[in-house]
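Each chain gets a letter, A, B and so on, in the order its sequence line appears, and its residues count up from 1.
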2 protein chains.
Amino acid sequence: MLGLREILADTMKNDQRLWRTLHVLIHMNQHQTPLTSQAIGQMLNTHPVVVRRTLAGLRKQNLIQAEKGHGGGWKLLLPLEQISLREVYAALGEPPLWVLSPVTEPRGCLVEKAVNQALDEVLQQARDWVLERFSHLTVAQIERDFQALLPFSERHCTGSHDNPST
Amino acid sequence: MLGLREILADTMKNDQRLWRTLHVLIHMNQHQTPLTSQAIGQMLNTHPVVVRRTLAGLRKQNLIQAEKGHGGGWKLLLPLEQISLREVYAALGEPPLWVLSPVTEPRGCLVEKAVNQALDEVLQQARDWVLERFSHLTVAQIERDFQALLPFSERHCTGSHDNPST
DNA sequence: CTATCATGTAACATAATAAGTTACATAAAA
DNA sequence: TTTTATGTAACTTATTATGTTACATGATAG
């Protein structure tokens, strides 16, 4: 995989696992045949090993399956209607959402304690709100959003990575 | 500053600027004399230069002031009632709140576009909600929370770093 | 005036983590 | 048996807040 970073000098740092996984799930749903990590890596502009690592959690939750050998690759075990963003997030190991520190060890200072309580309350509620939204948002819904973006003539075609690329 | 990290093996990575700054503002309000970066560093268990760096934004926004020389240090320019968490956050340069990627460059894939739109919508709204809460939460309110944590006998004393330490 | 104390800031080192990469083992199909 | 694919450990890279050192500037005490 030759110097992707030189070509696309993205920010390239933050956690890209969630959007990458959603992206892949939808493409998997639009393919009849299994998708190899190699092919997925090209879609996501990343290394096949990163793909396997990222999807491992979903495999362990039986949301998807990977088969070895000729004709192998990744495929869905559930319809996208039955996969919410909450479940994807859980399958990824519920990685942190906030950059802000989850607050350090209490060290006896009551000012620190009051500050932490105030911040925790806001951030916890925001997290709960996000997860609630995730619970009610299926990958199928995002797939429908994608289809609405298609020109009418392609509305019922297989996908987008086959032609417009990426 | 000898090996603080060995003593407190915190996670020590995430953005601690917001809670540290709030912590400091309240302590500044409880002191008659200016607080030196050295003293603040001991409160926050960090290096004085980190303190100066973190507070620089607040100084530039005229929320606080720093004086050099003997008897110098940091002091408030506004009552805590007039400083909301939103303003502190702004003075810190509005650092990112989310770990999740702000989404990469669009590369033409409509699936990616739909995924990004869906995620952006949720995360943006959550961010707006947090900032709205920050707007209506003053540092003075957190200071009152702190005072409510004090034992009754100390309810009107100066602070906490003078005795219980940290 | 000068010695001391304090901030201001550049420059570099450290730590944590997702991402990127290499290497090799395992399994399935041709 | 060869080829294709995943599974995974181990290592490297990139990014960013933090930690640290060094030095310049300014203010006060004597």
Side-chain angles (χ1 to χ4, degrees), chain A residues 1-21 33-41 44-60 64-75 92-93 95-102 104, chain B residues 1-21 33-41 44-60 64-75 92-93 95-102 104:
Chain A
M1 222 98 278
L2 29 98
L4 297 174
R5 313 195 59 125
E6 287 71 42
I7 301 169
L8 289 182
D10 272 13
T11 55
M12 285 294 185
K13 172 56 224 309
N14 287 357
D15 193 334
Q16 305 188 52
R17 287 174 289 185
L18 184 55
W19 78 259
R20 279 181 161 172
T21 301
T33 59
L35 284 174
T36 65
S37 300
Q38 176 85 49
I40 295 172
L44 299 181
N45 209 35
T46 187
H47 198 285
V49 174
V50 175
V51 173
R52 295 191 193 106
R53 189 194 287 154
T54 302
L55 295 183
L58 280 82
R59 188 192 59 225
K60 286 164 186 163
I64 58 181
Q65 184 182 2
E67 285 174 355
K68 298 180 176 180
H70 282 88
W74 300 86
K75 58 183 181 185
L92 290 173
L97 292 177
W98 299 109
V99 174
L100 298 185
S101 172
T104 57
Chain B
M1 221 103 271
L2 29 99
L4 296 175
R5 313 195 60 124
E6 286 71 41
I7 301 170
L8 289 183
D10 272 14
T11 54
M12 283 298 183
K13 171 58 224 310
N14 286 358
D15 194 333
Q16 305 188 49
R17 287 174 290 186
L18 184 55
W19 78 260
R20 278 180 162 174
T21 301
T33 60
L35 283 173
T36 65
S37 301
Q38 176 85 50
I40 294 171
L44 299 180
N45 211 34
T46 188
H47 198 285
V49 173
V50 175
V51 174
R52 294 191 192 107
R53 189 193 288 151
T54 302
L55 295 184
L58 281 81
R59 187 192 59 225
K60 285 164 187 163
I64 57 180
Q65 185 182 0
E67 285 174 355
K68 298 180 177 179
H70 282 90
W74 300 85
K75 58 184 182 184
L92 290 173
L97 292 178
W98 299 109
V99 173
L100 298 184
S101 173
T104 58

List the steps, then state whether side chain to side chain contact (heavy atoms under 4.5 Å, CB included) holds for A:Thr46 with A:Gln16.
CA-CA 11 Å; A:Thr46 187; A:Gln16 305 188 52; over 6 Å; no

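- Considering only side-chain N and O atoms, A:Thr46 lies nowhere under 4.0 angstrom from the phosphate OP1 or OP2 of C:dA19.
- Scanning for salt bridge (Lys or Arg N to Asp or Glu O under 4.0 Å) contacts around B:Arg52 gives an empty result, with sequence neighbours left out.
- With sequence neighbours left out, the salt bridge (Lys or Arg N to Asp or Glu O under 4.0 Å) criterion links B:Lys75 to B:Glu67.
- The distance from atom CD of A:Gln16 to atom P of D:dT13 is 19 Å, rounded to the nearest whole Å.
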Can you check nucleotides 26-30 of chain D for protein contacts, nitrogen or oxygen pairs under 3.5 Å, and list what you find?
from	atom 1	to	atom 2	distance (Å)
D:dG26	O4'	B:Lys68	NZ	3.3
D:dG26	N2	B:Gly69	N	3.1
D:dT28	O2	B:His70	ND1	3.2

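- In this structure, B:Asn14 and A:Val99 approach most closely via the heavy-atom pair CB-O, 3.0 Å.
- Note that the CG atom of A:Leu55 and the CD atom of A:Gln65 stand 13.0 Å from one another [nearest 0.5 Å].
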Mind listing the N/O atom pairs, protein and nucleotides 9-11 of chain D, below 3.5 Å?
from	atom 1	to	atom 2	distance (Å)
D:dA10	N6	A:Arg53	NH2	3.3

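- Every side chain to side chain contact (heavy atoms under 4.5 Å, CB included) that B:Thr54 has, sequence neighbours left out, goes to B:Arg17, B:Thr21, B:Val50, B:Leu92.
- Following rounding to the nearest Å, B:Asn14 (CG) and C:dA18 (C1') show an atom-to-atom distance of 13 Å.
- Nucleotide D:dT8 holds its P atom 13 Å from the CG atom of A:Leu55, rounded to whole Å.
- Computed from coordinates, the A:Asp15 CG to C:dA19 C1' distance equals 10 Å when rounded to whole Å.
- The side chain of A:Arg59 lies closest to D:dT8, out of D:dT8, C:dG8, C:dT22.
- We find that CG of A:Leu18 is positioned 16 Å from C1' of C:dA19, with the value rounded to whole Å.
- We find that NZ of A:Lys75 is positioned 15 Å from P of D:dA5, with the value rounded to whole Å.
- Distance CH2 (B:Trp19) to P (D:dA17): 16 Å, rounded to an integer number of Å.
- For the pair B:Gln38 CD and C:dG8 C1', the computed distance is 16 Å after rounding to whole Å.
- Distance from the side chain of A:Arg52 is smallest to D:dT6 among D:dT20, D:dT18, D:dT6.
- For the OP1/OP2 pair of D:dT6 and a distance below 4.0 Å, the side-chain nitrogens and oxygens of A:Ser37 include at least one atom meeting the criterion.
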